[in-house]
Structures are given as C-alpha cells and as structure tokens.
Number of protein chains: 2
Amino acid sequence: MAATIKDIARVAGVSIATVSRVINNLGGYNEETEKKVLAVAKALEYRKNENARSLVQKSTKTIGVIMPEVTTAFYGDIIKGIEDVSYEHGYSVILTHAGMSGARIHESMNLMGERRVDGLIIVSVELHEAEIESLSSLGILFILLSTKTNREDTPYIKVDDFSAAYTAVNYLIENNHRIIGMAGANPDDSIAGSPRINGYIQALQDHSIKVDLNLIKAGDFSFESGKKAMQEFIEHHAEVTAVFCASDEAALGIISTCFENDLQVPKDISVVGYDNSKVSHMSIPPLTTVAQPLYEMGREGCLSLIASIQNKIKIESKVIPHELVIRKSVKKLS
Amino acid sequence: MAATIKDIARVAGVSIATVSRVINNLGGYNEETEKKVLAVAKALEYRKNENARSLVQKSTKTIGVIMPEVTTAFYGDIIKGIEDVSYEHGYSVILTHAGMSGARIHESMNLMGERRVDGLIIVSVELHEAEIESLSSLGILFILLSTKTNREDTPYIKVDDFSAAYTAVNYLIENNHRIIGMAGANPDDSIAGSPRINGYIQALQDHSIKVDLNLIKAGDFSFESGKKAMQEFIEHHAEVTAVFCASDEAALGIISTCFENDLQVPKDISVVGYDNSKVSHMSIPPLTTVAQPLYEMGREGCLSLIASIQNKIKIESKVIPHELVIRKSVKKLS
DNA sequence: TTGTAAGCGTTATCAA
DNA sequence: TTGATAACGCTTACAA
C-alpha cells in the first residue's frame, strides 16, 4: 500500500541506502540525488514507518502512561504536561488506565512491555510489592507521579501531602479557628489519605489544640463524602468553625450541605479544599485550597524520564512545593 | 537485552518457527515441545515484541486519538470510553493533542501516520478543507467525535446541538419563561456555537416569542464569559427571567454573578447549562443541563472504528440522542 | 558519493 | 509435528 524506501529507490534509480540517507538528512550525497530522491518521495506520498525504524534502533520513542480509572481534570492536567514534553522531544505517548484501584495494573504494565515503550510514567496508582517486582522485571525506566512506594529505589515526583495538609490547617489556626473538622480523606490510602490526616493532626498538636478524632470524617475524596461529613458535623458537632477537606470535591460537598442548612460559608463556617481544581474558583464562595502544580508535575516527570532515557542516568525523586491558594472560603475569627 | 524467540529456540533446541507457534497457540506441535518451549520462555522472561509483530502483520493494533488542548473532564470521559473499548479488543491507544484551535493538527496527523495506527479518532477539533485533505491522504480509517465537517464522506458521532439547544430552551418556555437570555456560545464555532444559538432562536420563534439579539451574549464557553454575560443582563436587561448557557461552566459563571448581586437561582433567575459535566450536580443549586453521553460516545466511536478496521466496512455517521437532566436551577413561573 | 548486505524480532510459506 | 527461509521496512557497517 504505502510507499517504502524500496519503492523510492526503484523509481529514483538509487539504492535504498541512499534513500535512507536523504530521508534522514545524514549528508554524504550530492545535491542532485537529494533532489531526485526527495521529489520521488513526495510524488509517492512516502511516509516513514516509525515502527520499522524502532525495530532496528531498539528504541520506540514512546512514553507509556498508566493511571487510575478516575476521569477528572486532575489527570487531564498531568497528561497535558506529559504530552507537551513528549511532543517537544519527539516522543509519542501511549495511554492506558489501570482500572479501579489498580485492577488492571498488571495487564497495563505488560502491554507497555510488549510495546517496548522507552519509559513509563505511573500516575497516582498505589503500588504494592508484587507490582513493583514486575515493574522492575520489565526492565523499563519509570517514574511515579503523585504517588510513591516504600522502597528507596523507585523514583517519584509528588508534593508532600503531610506538610501541605499542615499548611492548610495552620492557616485556619492563624485565622483563629480552634475547633476544626476534617473531611473526605480515606485513612487507608497511604498516599493521599493518611498523610493528610496526619498533617492535620500535627498542626493542631503544634498549637496545643486537643485532637478530637470524632472530628475526622473519613471518606473517599468525593462530593458525597463531603456532604455526609458536613451533615454529621451539623448534627453532632455544631461547635466546629472550620473544615479542612482532602479534596476540592469534598469541600464543595461541605458547602452544598451548608447551603441546604442555611449555613453560610465563610460567615458561619470556613472551608479549605485540596487540589486547586478548576471548580475551586467557580464555587460560591471561591475556595481557598491547596494547589499541586499538576501540569508542571507532568512536565517535570516526563522531562526527568526522557533525560534518563537519553543519558542513562538515574532519576532523582523530587518533592515539589505545594501552595495555598487563598480565595474566600475562610473567615478570620476575632 | 530482552530475550527473543531466537534465544528460546536455541535454548530449547527447537526452531524459531516452533517457538512462534507455541507462543501464539497455533497448535501443530506435541505437548512435550510445548511444555519445553513455554518453560524456557518463562525462564528467560520472554516478552513478545509487539513492534516486530506489527511489521510483518501490517497492523499495529493501535488506535490514535487526537483532541484539542483543553483539559476538562469532558475529554476524560470520552477518552475513557475509547480506552475501555480498545483494551477489550486488544488495541492500544496513542494520544496526542492538536494544540489550541488545532495549531498542531498537521503534526499530530503526521505522527499518527508514521506510527501506522490502524485507526484514528479525532475529538472536537474543527477540521477545514486542508486538514480533511491530508487526513484522507493518510489512508487511515478515522471517525470524528463531537465534531463534523461539511463533507458527506467524513463519518462522525455527535449529538445534534441544534435540537439539544432547542430542547433546553423549550423547557424554559414550558416553565413559562418568556424573556430568555443566551450566554457563552461562540457564534463563529460552527460545531458547538452557532447550532446552539440557532436552536435557541428557533425555539423562541416556534412559540411566537420575539427574538432580541441583544439577549444573546457571545462568549467562549468559559466561566468568565458566563459572569460577563450576567453582568450585562443585570445592567441592561433586568427583565430577563432565565438564561440558557452553551456550557456548564458558563452557567456557573451566571450563578456566581447572580450571587454577587444578591440574585437567587432559581428564585430570581433560572439557568440551564450544557454538558452535564461533573460540576453540574455540585453547584448551588444543582444545575439543570443538557447531557451528552460522553463515555458512550467514546465507546461507540471506538467500536465502530474497530469494526470498520476488522471488517473493512464503511463507518456510518451517527447522531446520538441528547437528554435534558432536570435538577434545580429552573423555576416554574405561574 | 553510492551501493551491497546484514540484521532488528517477528510471522508465514513451503518442504520435510 | 517440525524446520528453513523469505519477508516486513528500515538502519548501518563496510566496500566500492
């Protein structure tokens, strides 16, 4: 079907080697042959076969990305960062999701192996010993984004969830809040759950505020878990003046339930979210929230990976700084 | 580095042909050799090279996806549909974005061509004559999602934006609204802009309501364009009782500005959005909005494409039904 | 400056 | 049931 360098060679009356040289701009041929080859290539609508080239070069110029099922703007931003950098460096990205709580993770890794991606980026998936094992056995360079493992040798880029949560709660305390609830975090999630809860606790303790475990409402980071938490605060802990949420969506849930119960944010209750997702500035009131630089995370991760591929250097893990984006959902108490 | 079938053949003492047969479960070998080959393959941690296979089979089992720069949950859902179907059929998806208003579209298509994807899905990108031309010249099967061209022969799947807008406005009219504004649509966008505006106009006309072009506030589907539109309504058209928005984000902008001006939704003003994005049920009040079945669109599109690849049949364009999701942002006037 | 030919890891044809 | 071998489209010594 499509023309190959053989076709060009035949039509142009040169060898395939020469065609290859011209196509790849390698030099070492006179202008005349170059012109002829280029003309024929154009006439035949030649398009190089990246696959065949990969085979001999033993490099596919491809980055694999594995992420969880969830489809939020969160991943969109990271992907965009990855794709931009890949594009700039002549790499393509091949994408797969690992299924709810990583059910499909092994198939995903296998697929990436068979496709011979040059590097692998795993986003937000919690990896256990078995997965790390098969990941290493793939023999493919990889980096984790927004997640990590308990092994030293697995490189990652993420923010420090503990200290980000600490910052957020500290901000509430600075605004004179003393009875602060927490909502939306899953304590069994050792990446995004427990560290944020611990950050919350530490901030309170550092200010000599007694920690009341009843004020920590577990959840799954969802809007609904925020709603439910606020319902419980209203029923049993009317004394709460502020809530720190483990996600923006949970924060919106808090606000929504407040609204239904005629409580005003931030007048009656203050709220801080986590993610700085697109919705956080669309809410009423605009949400004060912890920002993770997602796009940059995607970029940086992909950049490190490609550098590592090209220079065969080890990837350094990196904790990137978070930021508290202050909008209008927190009231300063006097 | 990684073991090949040659290595297996050598170690197992059989020919590479036999190894290939065993690996691919083709039958025609006795149990003993099968066991031996499988054992050696395992021992050597053999992993097939999908690339090499692609070369001889002239099929990469790969679907290319091109979409615009924008990173919203909108695309996430579509991608997920595509990826799920691909996965189920043993295809991989390779993703690229075409840049702001398609700036990178040619490079993207080129890339997909060089990667020899078996099929191509283009999401939401407006295609002009030049692009369609080079798309056809690629000789790759493709389908458009949530967009179309003015040519008969380019298959697409999308909802009918005109009639979806009509439905939304009609609903407002049924609720006895007579002075209805429109916000957020870009009239120059022939896919998602003008058809929605026209649907709005037609619905009014069919109910003998005079169309006031001043009530149509153009925009770019963003939160900000919604805010701006509402500001203008408040200043110049206080008589407006309802606003139809070309996106949920614009609708949130409307609500936000209303809130700042002490107008309550839906008590003082009713709002209908478009997209049924995740935020639409998180807003205050929950948003009545037009739903496009994004995930299904991704699935169906990918399904048609793969069917077309495998059976060499032509892809039929399809207009899929929209739905009006009724929540709480519209008030019935008496 | 150009061509010949080997080889990348497979599949597939044909013969044994 | 098995094995040789050509082929897929390309890059890259090496030779001319």
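Chain letters run A, B, ... following the sequence lines, proteins first and then strands; every chain starts at 1.
- Note on R299(B) versus E88(B): salt bridge recorded, some NZ/NE/NH1/NH2 to OD/OE distance being below 4.0 Å.
- Distance CD (E32(A)) to C1' (dT2(C)): 13 Å, rounded to an integer number of Å.
- Taking the charged nitrogens against the carboxylate oxygens, K61(A) and E114(B) have no contact shorter than 4.0 Å, which rules out a salt bridge.
- Salt bridge E129(A)/R151(A): present, at least one basic N to carboxylate O contact under 4.0 Å.
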Given I79(B) and L95(A), is the side-chain contact (heavy atoms from CB on, under 4.5 Å) satisfied, shown in steps? CA-CA 10 Å; I79(B) 299 284; L95(A) 184 84; 3.8 Å; yes
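- Between R10(B) atom CZ and dG9(C) atom P there is a gap of 12 Å when expressed in whole angstrom units.
- E114(B) has its CD atom 16 Å from the P atom of dG9(D), to the nearest Å.
- Atom CG of D7(A) is separated from atom P of dC8(D) by 10 Å (rounded to the nearest Å).
- If you measure from atom NZ of K6(B) to atom P of dT10(C), you get 10 Å, rounded to the nearest angstrom.
- A salt bridge links D84(A) to R104(B): one of the charged nitrogens lies within less than 4.0 Å of a carboxylate oxygen.
- A donor-acceptor contact shorter than 3.5 Å is absent between the side chain of D7(B) and the backbone of R10(B).
- Rounded to a whole Å, the CD1 atom of I8(B) is 12 Å from the C1' atom of dT10(C).
- For the residue pair Q292(A) and D275(A), the shortest heavy atom distance occurs at NE2-OD1, 3.4 Å.
- Using five terminal pairs a side, the axes of the helix from dT1(C)-dA16(D) to dA16(C)-dT1(D) at its two ends make an angle of 40°, given in steps of 10 degrees.
- At dC8(C), none of the side-chain N or O atoms of N49(B) fall inside 4.0 Å of OP1 or OP2 (strictly under the cut-off).
- Of the charged side-chain nitrogens involved, none lies within less than 4.0 Å of a carboxylate oxygen, so that D77(A) and K80(A) do not count as a salt-bridged pair.
- The Y29(B) side chain lies nearest to dT1(D) when the options are dT1(D), dA4(D), dG9(C).
- Atom CG of L55(A) and atom C1' of dT12(D) are 14 Å apart (whole Å).
- Neither OP1 nor OP2 of dG9(D) sits under 4.0 Å from any side-chain N or O of T4(A).
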In 5'-to-3' order, the base (B), backbone-only (S) or no-contact (-) status of each nucleotide in nucleotides 11-16 of chain C, using a 4.0 angstrom heavy-atom cut-off, is BBB---
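- OP1 or OP2 of dT2(D) has at least one side-chain nitrogen or oxygen of N30(B) nearer than 4.0 Å.
- In this structure, R116(B) reaches neither bases nor backbone, as no heavy-atom distance under 4.0 Å exists between it and the strands shown.
- Protein atom NZ of K35(B) is 15 Å distant from nucleotide atom P of dT1(D), rounded to whole Å.
- Distances shorter than 4.0 Å separate some side-chain N or O of T18(B) from OP1 or OP2 on dG3(D).
- Using a 4.0 Å heavy-atom cutoff across all strands shown, T33(B) reaches sugar-phosphate atoms only and no base atom.
- OP1 or OP2 of dG9(C) sits under 4.0 Å from a side-chain N or O of K58(A).
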Check against side-chain contact (heavy atoms from CB on, under 4.5 Å), E45(A) and S137(B): CA-CA 8 Å; E45(A) 294 195 313; S137(B) 85; 3.9 Å; yes
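- Side-chain contact annotation: R115(B) with N49(A), donor-acceptor N/O pair under 3.5 Å absent.
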